[in-house]
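For reference, the structure discussed in these notes is given below.
We're numbering straight along the sequence, starting at 1.
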Amino acid sequence: MSRLAIEGGKPVREERIPIAQPVIGDEEIRAVEEVLRSGQLAQGPRVEEFERRFAEYVGTEHCVATSSGTTALQLALEAAGIGAGDLVIVPSFTFIATANVALHAGAEVAFVDIDLETYCLDPASLEELLRSLERERRLTPRRVAVIPVHLYGHPADMRPILELAEEYDLLVIEDAAQAHGAEYRGDRVGALGDAGCFSFYPTKNMTTGEGGAITTDDEDLAEAAAMLRSHGERERYDHVELGYNYRMTDIAAAIGLEQLKRLDELNRRRRKNARFYIRELSDLEPEIRLPRERSWAKHVYHQFTIRLDPDALECTRDEFAEALRAEGVDCAVHYPRPLHRQPVYLKRGYHTASLPNSELAARTVLSIPVHPGLSREDLEDVVRAVEKVVTAYSS
Ligand SMILES: Cc1ncc(COP(=O)(O)O)c(C=O)c1O
């Protein structure tokens with residue numbers, strides 16, 4: 001095997017393959033132009049249509065479009081009545097927005113661990129936390145919510161989570177920011193809990209530039225979220241709640257309507273790319289651990305995230321990532337620190353006991369490009385680069 005590019009060898013390719021790349025076509029450009037020419041730029045008929053179509057796609061009665069995934073989560077919690085003194089349970093291994101929205105709502109956060117196969121909330125860890133809170137009589141009189149995250153595009157194991165929710169009267173808000181079109185036992189995510197929250201940030205499986213959405217069958221929750229989205233306004237200048245401006249624009253919704261038409265095809269390409277990697281890279285286990293799709297899941301591969309085995313590789317993750325980038329393959333760590341170890345929580349007095357799976361994942365995961373813009377040649381170059389780096393560092 002040739003020398004690594006970081007050691008002066010010839011790279012697999014000169015131009016770097018990006019870790020993410022939105023697919024924007026003439027349709028999106030024309031749709032935006034039409035909105036710009038219409039003069040109706042802020043929330044209007046395009047947002048309404050987008051809400052209708054996105055609810056239909058997910059399989060819920062209602063959809064409330066928002067300015068981001070973060071504001072969707074915050075509005076969903078607040079619309080469901082979560083506030084000061086309440087408790088919100090989140091997996092520690094996720095993007096920080098999942099937990100921060102609970103703090104913004106005035107609630108307390110409790111962190112639970114993940115399952116290392118799916119990287120999603122581990123129902124056993126949730127059960128353990130609930131039993132101990134029950135013993136300590138800390139579950140009542142307040143309300144308790146749980147936010148399972150469908151991380152990297154793989155659904156969380158919702159059945160046991162929903163059973164615990166039933167037993168303990170938990171509100172379930174799905175964080176589906178990374179999982180548009182993913183399925184759990186045949187149902188689309190975002191339609192499984194009390195509400196689902198999506199992000200349409202440009203790296204996501206579909207985009208609106210910036211944007212988000214809440215999906216729900218609960219009419220009261222949808223109405224409350226829509227009102228909070230617009231300064232708690234019931235009628236023009238009649239403000240009955242303390243709300244925000246978290247609206248989506250018609251420009252964003254016009255992009256979203258076109259992206260929604262493409263979503264299944266974009267996901268099909270992500271799944272095909274992932275299958276190629278799984279076939280071509282499986283010989284490299286156990287040095288690297290490949291993602292798995294559980295039998296009950298349809299994974300939409302927002303990320304293709306491998307886990308490095310520190311005992312089988314003579315390099316740090318940073319060295320591995322640098323070597324891969326030098327070969328012409330971008331990569332990223334989602335996420336390098338579990339939330340229970342983030343300074344913003346430590347300085348608020350959160351001292352969570354060890355959550356070993358979240359800590360291990362944060363130390364060892366690395367995402368490689370899987371987006372739908374990759375050509376066959378790109379995929380082959382990624383495989384060659386990963387093989388080269390693993391071989392060079394194998395102990
Ligand atoms: C799991 C998760 N939750 C929430 C968010 C927040 O979404 P946004 O960036 O649109 O605010 C993201 C986006 O990165 C995410 O990945």
Side-chain angles (χ1 to χ4, degrees), residues 68-78 82-116 118-139 142-152 156 161 164 168 170-175 177-178 197 199 201 303 305 307-308 310 316-319 321 332-367:
S68 71
T70 307
T71 55
L73 283 163
Q74 193 189 341
L75 288 185
L77 281 181
E78 293 190 23
I82 295 292
D86 292 333
L87 180 70
V88 180
I89 303 170
V90 301
S92 180
F93 190 65
T94 175
F95 182 58
I96 198 155
T98 314
N100 284 0
V101 291
L103 292 189
H104 284 302
E108 189 191 335
V109 177
F111 295 107
V112 289
D113 212 352
I114 55 158
D115 168 46
L116 272 179
T118 62
Y119 300 103
C120 298
L121 186 153
D122 178 7
S125 180
L126 175 63
E127 180 168 2
E128 194 184 322
L129 175 73
L130 289 167
R131 304 267 186 257
S132 89
L133 289 171
E134 187 178 35
R135 274 196 306 277
E136 295 162 16
R137 298 183 195 288
R138 288 169 59 204
L139 282 176
R142 60 186 173 172
R143 292 208 62 197
V144 182
V146 60
I147 310 184
V149 182
H150 306 304
L151 201 72
Y152 304 150
I161 295 171
L164 287 165
Y168 285 97
L170 309 180
L171 175 79
V172 181
I173 307 285
E174 295 169 72
D175 183 339
Q178 303 188 0
C197 296
S199 162
Y201 187 74
Q303 300 293 348
T305 303
R307 203 161 74 233
L308 309 183
T316 63
R317 177 179 53 192
D318 283 353
E319 285 164 344
V333 176
H334 307 106
Y335 299 91
R337 196 186 293 202
L339 300 188
H340 68 284
R341 297 284 183 250
Q342 287 285 357
V344 58
Y345 284 91
L346 296 176
K347 77 180 184 203
R348 281 174 170 71
Y350 282 87
H351 298 295
T352 309
S354 178
L355 298 172
N357 291 350
S358 298
E359 287 157 25
L360 177 70
R363 275 198 309 276
T364 55
V365 292
L366 189 66
S367 305

Q) Rounded to the nearest 0.5 Å, how far does OG1 of T94 lie from CG of L339? A) 6.5 Å
**Q.** Inter-residue atom distance L130.CG - R138.CZ, 0.5 Å rounding
**A.** 11.5 Å
Q.
Using 0.5 Å steps for rounding, measure from the CD1 atom of I147 to the CG atom of L170.
A. 12.0 Å
(Q) Quick one: does any side-chain atom of R317 pair with a main-chain N or O of V333 as donor and acceptor, under 3.5 Å? (A) no
Q) Taking D122 for the side chain and D113 for the main chain, is one N or O donor matched with an acceptor at less than 3.5 Å? A) no
Q: Mind running side chain to side chain contact (heavy atoms under 4.5 Å, CB included) on H334 and V365 for me, showing each step along the way?
A: CA-CA 7 Å; H334 307 106; V365 292; 5.8 Å; no
**Q.** Atom pair CG (L77) and NE2 (H104), whose distance is rounded to the nearest 0.5 Å
**A.** 11.5 Å
Q | Exam field: side chain D86 to backbone R143, donor-acceptor pair closer than 3.5 Å | A | yes
Q.
Angle between ring planes, F93 versus Y119, binned at 30° and 60°: parallel, tilted or perpendicular?
A. tilted
Q: Look only at the side chain of E359 and the backbone of L355, and say whether a donor-acceptor pair between them is shorter than 3.5 Å.
A: yes
Q. For L87, does its backbone N or O pair with a side-chain atom of E108 as donor and acceptor, under 3.5 Å?
A. no
Q) Can you tell me how far the CG atom of L133 sits from the CZ atom of R135, to the nearest 0.5 Å? A) 9.0 Å
**Q.** N/O donor-acceptor pair under 3.5 Å between T305 side chain and S367 backbone
**A.** no
Q.
Could you tell me if the side chain of V146 sits less than 4.5 Å from the side chain of L121, heavy atoms only?
A. yes
Q.
If the test is side chain to side chain contact (heavy atoms under 4.5 Å, CB included), which one of L164, V112, I161 qualifies with E127?
A. L164
Q.
Quick one, V88 and I173 - any side-chain contact, counting heavy atoms below 4.5 Å?
A. no
Q: Answer yes or no: does atom OH of Y345 have more than 12 heavy-atom neighbours from other residues, nucleotides or ligands under 6.0 Å?
A: yes
Q. Between N357 and I114, is there a donor-acceptor pair closer than 3.5 Å when you use the side chain of the first and the backbone of the second?
A. yes
Q | Polar side-chain atom of S92 near backbone of H340 as donor-acceptor pair, under 3.5 Å | A | yes
(Q) Evaluate V109 against L103 for side chain to side chain contact (heavy atoms under 4.5 Å, CB included), listing each step before the verdict. (A) CA-CA 7 Å; V109 177; L103 292 189; 3.8 Å; yes
Q: Kindly compute the distance separating NE2 (H150) from SG (C197), expressed to the nearest 0.5 Å.
A: 10.0 Å
Q.
Using a 3.5 Å distance criterion without hydrogens, assess whether the side chain of Y335 forms a donor-acceptor pair with backbone atoms of I96.
A. no
**Q.** Least distance between heavy atoms, F111 atom then A99 atom
**A.** CE2-CB, 4.0 Å
Q. Where do P343 and R337 come nearest, in terms of heavy atoms and distance?
A. CD-NH1, 3.1 Å
Q) Between the side chain of R142 and the main-chain N/O of A84, is any donor-acceptor distance below 3.5 Å? A) no
Q.
Can a side-chain donor-acceptor contact be found between Y168 and E134 if the only test is distance below 3.5 angstrom?
A. yes
Q: Considering non-hydrogen atoms only, spot the tightest contact between D175 and A177 and give its length.
A: OD1-N, 3.0 Å
